[in-house]
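The analysis underlying the following values was restricted to heavy atoms, covering all of them including side chains, and did not include hydrogens, waters or symmetry mates.
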Amino acid sequence: MGLFFKITGIREFLNDKVFIEQPIILQQEIGFIGFLCKEIDGELYFLVQAKIEPGNVNKIQLSPTIQATRSNFEQKHGGRQPQYLEYFAKANDDSVLYDQIQSEQSSRFYGKRNRNIIVMTQEDIQTSDGFRFLTLGQLKALMDVDNLVNMDARTVISCLPYDAQAVSELASIFTDKAFYNSLAHSNKCELKRVIRLLNDKKMYSNRSKALVKLDSLKEWHLDDSEVHGSNKAFKVGFFEIEIEGREVTRWHQPLFEAIGMATLGLFTTVIDEERKFLVKLTEEVGCFDEVELGPTIQIESNHYFDTGNVVESLFERLYKNDKHILHNVILSEEGGRFYHEQNRNVIIDVEAQDLETLDIPDDYIWVSFQTLNQLVKFNNILNLQLRNLLSLLRI
């Protein structure tokens, strides 16, 4: 199993004092997560796979065309090559809509990244068993169903590029004029501000990290069946797995098992006739580049809303009162490394009156969709939780 990943310990220090210690997944190789697309009758279709993962809460979820580690597609496990690999491995510049290396869950992985890629083809594609072409609209609609579209599909969809000039010619199809303005108008000053805030956070960070042995973690216990601790958001279990229809059909591996459900939330509002989204500078223990933009709310199952944080307090109040909720869906984390892990994903449209007296802390910033879409063209700026929430938006 050394070719794939291993579980080790990590200890993070803040001002030279231990701030966080926990198990973490160490997997340095970069894999493919990608959609093969084809234009059919003037509409873009995505080749989707119904894929079984060992940790899926409902066994089968809709995944991208390809979802494979480097070890998978180089056949280091002795299994079959993933289907449709050649379209991604041999893609030329003209066929690629998007190609960027993006981060995985930095609260569970140490510096883990995967290659998110979208490739167009004009060839007649023979769809294998378990594969089907769906439109973007169909995929977006299916994301409203709990635990149906998997995490990998969502992150790739969130990376779809939208050219502001091209969008500006499609104003008539938008029912939300503020969202159209958010997508069609570029804001260079806003973009520069986000980059400056991220760079300041990285430059003046007082955090440091060290990988350590699992049995050296003081608040965690290692036994024959699992790694666990008191009042933790997760534990690590060891599983024997047998699945038909995979490149490899039988193996054993550890899986991170969440205890409870995390809450991921995104605020949106209209400012000067333009829809904005409230994102937060988010530091996580396994972050590849210290800090990324995360959603408004990112709270683990063993944490509570901070009553001293005006943003978290407003989210809690609006959510409990069921006010202005655009999306509220339970979605799974990736079933290849996580066992039955589900998070609640919520997008709330906040009214101006709720924001009038809100003194938003400095680590939050309102940005347009176009700014976020520009930033996702680069790696390690938008974290996975934010990308997953953005994938839910209907455009």
Side-chain angles (χ1 to χ4, degrees), residues 1-13 18-29 31 51-61 67-72 75-79 104-114 147 150-152 209-262 284-287 299-303 330 332-343 384:
M1 292 299 291
L3 289 174
F4 297 99
F5 69 97
K6 66 178 181 180
I7 309 297
T8 189
I10 190 169
R11 191 169 285 134
E12 184 171 37
F13 303 87
V18 176
F19 179 59
I20 296 172
E21 65 165 21
Q22 65 170 73
I24 201 159
I25 304 168
L26 190 61
Q27 184 179 6
Q28 297 300 318
E29 64 178 21
K51 189 176 180 69
I52 300 174
E53 291 284 7
N56 282 354
V57 66
N58 50 354
K59 295 186 174 63
I60 301 175
Q61 295 185 13
Q67 183 181 315
T69 66
R70 182 175 170 182
S71 295
N72 285 145
Q75 297 177 280
K76 291 181 179 178
H77 48 46
E104 296 290 299
Q105 299 94 330
S106 297
S107 61
R108 305 286 193 270
F109 284 100
Y110 182 69
K112 177 72 176 87
R113 302 183 297 166
N114 273 321
N147 298 316
N150 83 353
M151 180 276 294
D152 294 300
K209 301 167 188 175
L211 296 178
V212 298
K213 293 182 178 180
L214 271 176
D215 58 10
S216 73
L217 299 176
K218 297 178 181 178
E219 297 182 355
W220 294 80
H221 307 285
L222 174 63
D223 57 39
D224 292 338
S225 62
E226 63 183 26
V227 183
H228 57 94
S230 177
N231 192 32
K232 302 299 182 183
F234 64 88
K235 61 182 178 179
V236 183
F238 303 100
F239 294 79
E240 293 285 342
I241 298 162
E242 186 170 356
I243 299 176
E244 294 183 0
R246 299 273 301 215
E247 292 84 7
V248 172
T249 58
R250 188 172 185 177
W251 69 96
H252 64 276
Q253 70 169 83
L255 291 171
F256 276 51
E257 183 175 352
I259 301 171
M261 191 179 297
E284 294 182 272
V285 66
C287 188
I299 297 178
E300 292 272 20
S301 58
N302 64 328
H303 293 163
I330 295 171
S332 297
E333 293 303 300
E334 197 269 317
R337 299 292 177 265
F338 306 105
Y339 182 75
H340 291 188
E341 181 160 349
Q342 307 169 79
N343 297 322
L384 183 137

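- Using a 4.0 Å cut-off between a side-chain N of Lys or Arg and a carboxylate O of Asp or Glu, R108 and E333 do not qualify as a salt bridge.
- The distance from atom NE2 of H340 to atom CG of N58, rounded to the nearest 0.5 Å, is 8.5 Å.
- The shortest non-hydrogen separation linking I24 to G286 is CD1-CA, 3.9 Å.
- Between L255 atom CG and F238 atom CZ the span is 10.0 Å, to the nearest 0.5 Å.
- Summarising the geometry of L211 relative to T8, their closest heavy-atom pair is CD2-CG2, 4.1 Å, with the distance given to 0.1 Å.
- The line from NE2 of H221 to CG of L214 is 13.0 Å long, rounded to the nearest 0.5 Å.
- A donor-acceptor pair under 3.5 Å is absent between the side-chain atoms of K112 and the main chain of Q105, judged by distance alone.
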Open item on the list: Between K232 and Q22, does the side chain to side chain contact (heavy atoms under 4.5 Å, CB included) criterion hold? Intermediate values first, please.
Closed with: CA-CA 9 Å; K232 302 299 182 183; Q22 65 170 73; over 6 Å; no
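- Partners of Y339 under the ring-ring contact (aromatic ring centres under 6.0 Å, His included) rule, at least two apart in sequence or in another chain, are F239.
- Counting heavy atoms from C-beta outward, D223 and H228 have side chains that approach closer than 4.5 Å.
- Residues I25 and R337 meet the side-chain proximity criterion, which asks for heavy atoms closer than 4.5 Å.
- The shortest side-chain heavy-atom distance between T69 and Q27 falls under the 4.5 Å cut-off.
- Among residues two or more places apart in sequence or in another chain, the side-chain contact (heavy atoms from CB on, under 4.5 Å) test is passed with E240 by H252.
- Y110 and L26 make their closest contact through CD2-CD1, 3.7 Å (heavy atoms, listed as atom of the first residue, atom of the second, distance).
- Annotation for I241 and P54: closest pair CD1-CB, 3.5 Å, computed over non-hydrogen atoms.
- Looking only at distances, no side-chain donor or acceptor of S106 sits under 3.5 Å from a matching main-chain atom of V285.
- In this structure, the salt bridge (charged side-chain N to carboxylate O under 4.0 Å, His left out) partners of R11, at least two apart in sequence or on a different chain, are E21.
- Side-chain atoms of F234 and S301, non-hydrogen and from C-beta on, never get closer than 4.5 Å to each other.
- In this structure, the side chains of M151 and Q67 stay at 4.5 Å or more apart for every pair of heavy atoms.
- In this structure, the side chains of Q61 and E53 stay at 4.5 Å or more apart for every pair of heavy atoms.
- The CG atom of L222 lies 9.5 Å from the CG atom of L217; values are rounded to the nearest 0.5 Å.
- N147 places no side-chain N or O within donor-acceptor distance of the main-chain N or O of V57, the cut-off being under 3.5 Å.
- Note that CD1 of I259 is 6.0 Å distant from NZ of K235, once rounded to the nearest 0.5 Å.
- Inter-residue side-chain proximity for E257 and E226 is flagged as unmet; no heavy-atom pair is nearer than 4.5 Å.
- Atom CZ of F109 and atom CG of L384 lie 9.5 Å apart (nearest 0.5 Å).
- Remark: S107 engages E284, E300 in a side-chain contact (heavy atoms from CB on, under 4.5 Å) (not counting sequence neighbours).
- When the side-chain contact (heavy atoms from CB on, under 4.5 Å) test is applied to F19, the partners found at least two apart in sequence or on another chain are E12, L14, R207.
- Across every non-hydrogen atom of A233 and N302, the tightest pair is CB-OD1, 3.3 Å.
- In this structure, the side-chain contact (heavy atoms from CB on, under 4.5 Å) partners of I60, at least two apart in sequence or on a different chain, are A50, I52.
- Across all their heavy atoms, F256 and P23 have their closest contact at CE2-O, 3.9 Å.
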